[in-house]
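A single structure is presented below for examination.
Given the structure is predicted, the values throughout are model-derived calculations rather than measurements.
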Amino acid sequence: MSKSLKNILFAIAGLIGLLILIAVVLILFMDAGVFKSRFEKAASEALGMEVRVGGRLGITFFPELHVSLDDVLIRNEGIEVAAAKEATLEIALLPLLRKEVRISRIELKRPRISVKRERDGKFNFEQRERAKRPPPAPPFDHLSLTDGSFLYKDEQSGEGFEVDDINLDLRSLQISEGNSSDFIKNFSCTVEFACREIRRKELTFTDVKFTGEGKNGIFSLNPVTMRLFGGQGSGSIRADLSAPVSHYSVRASLTNFRIDEYFKTLSSKKVAEGSMDFSANLTMRGNTAKEITKSAGGEASLRGENLTLYGNDLDREFARFESSQSFNLVDVGAFFFAGPIGLAVTKGYTFATIFQGSGDSSSIGKLFSNWKVERGIAQARDVAMATQQNRVALKGSIDFVNERFDDVTIALIDARGCARVQQKIHGPFRKPVVEKPNVLVSLAGPVLSLLRKARDLFTDETCEVFYTGSVPAPR
């Protein structure tokens, strides 16, 4: 027998012996009841919460040693925080010979996690009388969740959201030694996330996915993709939490979103039809939501073509506006705020006359809504739309810090960009003040529309130009 063959046989025999020895160790030291109680104790101490295993324990040896635990429950002061239908632990074999349990991976199947912020500001997973100390390094470097759910509720604000069908893969988990205040700086990982939907009040994000990484307090999610209002969303998020004041940058776009899906958040009626595009590029800094909003800077834009408004013939309403004034010009602003911007702006004002139409319809050939954001205030830079016969434009600013309209003016403008009628809205989002329309130039009926256009183009009469943007006057 050759020497190499002997070595191979010895190696095989040694491997078989090792497996037999490990099996003996498992039999001696991994009694199901004993292991469950040890696991519950170790996990409870690590989390600072009560961990219980209500189901069976199973063991498989190949390709690695896996221990599965059914019906795992985590409670804090008697309140359920998390639960999993099954938890699988991947355990290194050799340390078992020294009666050491080293977990390299944890997989949770069908977990449900519930996080609540109480009225006193405490979270349901916090310890009321627990001394501050650095969080322990995770006893594993790979965590995965499949078919999970997550629920968050803030009792202070009444806000919350739900996430369904979560699939999460966290790798290279590390927590370096340091103070508890430096936890974020000492934490590092890579992440892959996907879920079926995220629900927040009447808003639903679907098919949400992102990949990311974090190290030394700097975290990046790129790309982030989702669907919203029937459109495709994409973007990236970067958060630098390493400095005393955190810095954030967000790039986002939502293409071909359905305006009818957006208006469903405001009314059950079919208000409009067509697709629009939204984009934003923002930077922020701060450690609280107020600070972050107050520091926001960048730009946001909304644009669309060939949109249809149901329920009102805007051109007819504009033509008889001087005599009836039954139509609120401000309500046309609902289109300028469509999409993600409108979710904050339309908290109180309902743009009622848009939703209480006469059964007619209007064609909006082009809409452009471009905003510059500084210190949390969005300033209208180029905001206008054109129907078949008229243009409507907007000036003013939206204060997201104090949640109010800052002298926003919406005007019906002529071919020169001069205001013929204008109406102002100001005050808080939840209860704004809408002033009466101000007719600056006498309006003619539809029969005289061609003469009026000719006058607008060739008259020498001077006026204060209200709009000089990119939406041309209708022909």
Practice task
May I ask you to check whether over 12 heavy atoms, not counting those of E464, lie within 6.0 Å of atom CD?
Solution key: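 No, CD of E464 has 12 or fewer neighbouring heavy atoms, counting only those of other groups under 6.0 Å.
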Practice task
Taking the side chain as every heavy atom from C-beta outward, state whether L254 and Y262 have any pair of such atoms under 4.5 Å apart.
Solution key: no
Practice task
Measure the OG1-NE2 distance between T190 and H142 for me, rounded to the nearest 0.5 Å.
Solution key: 8.0 Å
Problem - Close side-chain approach of I237 and Y248, heavy atoms under 4.5 Å - result: no
Problem - Nearest-0.5 Å distance that lies between atom CZ in F193 and atom CD1 in I166 - result: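 F193 atom CZ to I166 atom CD1 measures 5.0 Å (nearest 0.5 Å).
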Exercise for the section: List the steps and the verdict of side chain to side chain contact (heavy atoms under 4.5 Å, CB included) for R258 and E273. Expected result: CA-CA 7 Å; R258 304 297 303 175; E273 191 173 54; 3.6 Å; yes
Practice task
Take R196 and D164 through the test salt bridge (Lys or Arg N to Asp or Glu O under 4.0 Å) and record every step on the way to the result.
Solution key: CA-CA 6 Å; R196 180 172 59 87; D164 287 337; 3.7 Å; yes
Handout entry: Flag side-chain contact, heavy atom, 4.5 Å: M385 against V332
Key = yes
Problem - side chain to side chain contact (heavy atoms under 4.5 Å, CB included) assessment of M284 paired with V250 - result: CA-CA 8 Å; M284 296 155 284; V250 178; 3.6 Å; yes
Handout entry: Closest non-hydrogen atom pair between A300 and F278, with its separation
Key =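 Closest approach of A300 to F278, heavy atoms only: CB-CE1, 4.3 Å.
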Practice task
For the residue pair K85 and R112, establish whether any side-chain heavy-atom pair is separated by less than 4.5 Å.
Solution key: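 K85 does not reach R112 side chain to side chain.
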Which donor-acceptor pairs under 3.5 Å do side chains of residues 214-229 form with protein atoms, sequence neighbours excluded?
from, atom 1, to, atom 2, distance (Å)
R227, NH1, Q232, OE1, 3.2
R227, NH2, G230, O, 2.7

Practice task
Report yes or no: do S253 and S234 form a side-chain donor-acceptor pair below 3.5 Å?
Solution key: yes
Practice task
Would you give the length of the straight line joining atom CZ of F123 to atom CG of D154, rounded to the nearest 0.5 angstrom?
Solution key: 7.0 Å
Problem - Side-chain (E118) to main-chain (N124) donor-acceptor, under 3.5 angstrom - result: no
Handout entry: S362 side chain vs N312 backbone, donor-acceptor pair below 3.5 Å
Key = yes
Enumerate, atom names and distances included, each donor-acceptor pair closer than 3.5 Å involving a side-chain atom of residues 143-151, sequence neighbours excluded.
from, atom 1, to, atom 2, distance (Å)
S144, OG, R105, NH2, 3.4

Exercise for the section: Verify the neighbour count for atom CD of E213: are there more than 12 heavy atoms of other residues, nucleotides or ligands below 6.0 Å? Expected result: no
Fill in the blank from the handout: In short, Q156 meets D120 closest at the heavy-atom pair NE2-C, 4.0 Å
Practice task
Begin with the C-alpha distance, continue with both residues' side-chain angles, and end with the deciding distance and a verdict on salt bridge (Lys or Arg N to Asp or Glu O under 4.0 Å) for R416 and D414.
Solution key: CA-CA 5 Å; R416 297 170 298 167; D414 61 21; 3.2 Å; yes
Problem - Backbone N/O of S470 and side chain of D382: donor-acceptor pair under 3.5 Å - result: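 Checked: pair present.
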Problem - 4.5 Å side-chain heavy-atom contact, L302 and W371 - result: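 Answer no - side chains too far apart.
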Problem - Atom CZ of R199: over 12 foreign heavy atoms under 6.0 Å - result: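 Check passes, neighbour count above 12.
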Handout entry: Closest approach of L314 to T387 (non-hydrogen atoms, all atoms of both residues)
Key = CD1-CG2, 4.0 Å
Exercise for the section: For Q379 and G396, indicate whether the former's side chain and the latter's backbone hold a donor-acceptor pair under 3.5 Å. Expected result: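 It does hold such a pair.
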Practice task
Could you check V392 against N390 for side chain to side chain contact (heavy atoms under 4.5 Å, CB included), going step by step and ending with a plain yes or no?
Solution key: CA-CA 7 Å; V392 178; N390 294 277; 5.5 Å; no
Completion exercise
Rounding to 0.5 Å, atoms CD (Q174) and CZ (F187) come to a distance of 10.0 Å
Exercise for the section: Considering non-hydrogen atoms only, spot the tightest contact between I410 and G333 and give its length. Expected result: CD1-CA, 3.8 Å
Problem - Donor-acceptor pair, side chain of N287 and main chain of S246, under 3.5 angstrom - result: yes
Practice task
Please determine if E261 and K264 form a salt bridge, counting it only when a charged side-chain N lies under 4.0 Å from a carboxylate O.
Solution key: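 Salt bridge flag = yes for K264 with E261.
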Exercise for the section: Taking all non-hydrogen atoms of both residues into account, name the closest pair between V434 and Q423 and its distance. Expected result: CG1-NE2, 3.5 Å
Problem - From S301 atom OG to N281 atom CG, the distance as rounded to the nearest 0.5 Å - result: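 If we round to the nearest 0.5 Å, S301:OG and N281:CG are 10.5 Å apart.
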Practice task
Indicate the ring-plane relationship of F405 and F429, choosing parallel, tilted or perpendicular according to the 30° and 60° boundaries.
Solution key: perpendicular
Handout entry: K395 side chain vs A380 backbone, donor-acceptor pair below 3.5 Å
Key = no
Exercise for the section: Could you check if a side-chain atom of E159 sits within less than 4.5 angstrom of a side-chain atom of Y152, using non-hydrogen atoms only? Expected result: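 The answer is no, as the side chains (C-beta and beyond) never meet within the 4.5 Å cut-off.
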Problem - Neighbour count above 12 (heavy atom, 6.0 Å) for E80 CD - result: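 Yes, CD of E80 has more than 12 neighbouring heavy atoms, counting only those of other groups under 6.0 Å.
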Problem - Centroid-centroid distance, F263 to F335, less than 6.0 Å - result: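 Close enough - the centres of the two rings lie under 6.0 Å apart.
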Practice task
With side chain to side chain contact (heavy atoms under 4.5 Å, CB included) as the test, would you mind laying out the steps for N370 and V383 before giving the verdict?
Solution key: CA-CA 6 Å; N370 191 17; V383 182; 5.6 Å; no
Handout entry: D277 to T255 - nearest heavy-atom pair and separation
Key = OD1-CA, 3.3 Å
Practice task
Report yes if some heavy atom in the side chain of V471 is under 4.5 Å from a heavy atom in the side chain of L367; otherwise report no.
Solution key: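 Heavy-atom side-chain distance check fails, nothing below 4.5 Å.
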Handout entry: R251 atom CZ, over 12 foreign heavy atoms within 6.0 Å
Key =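 Atom CZ in R251 is not packed in, count stays at 12 or less.
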Handout entry: E155 side chain reached by K116 side chain, heavy atoms, under 4.5 Å
Key = yes
Problem - Reported OG1-to-NZ distance for the pair T265 and K201, which is rounded to 0.5 angstrom - result: 12.0 Å
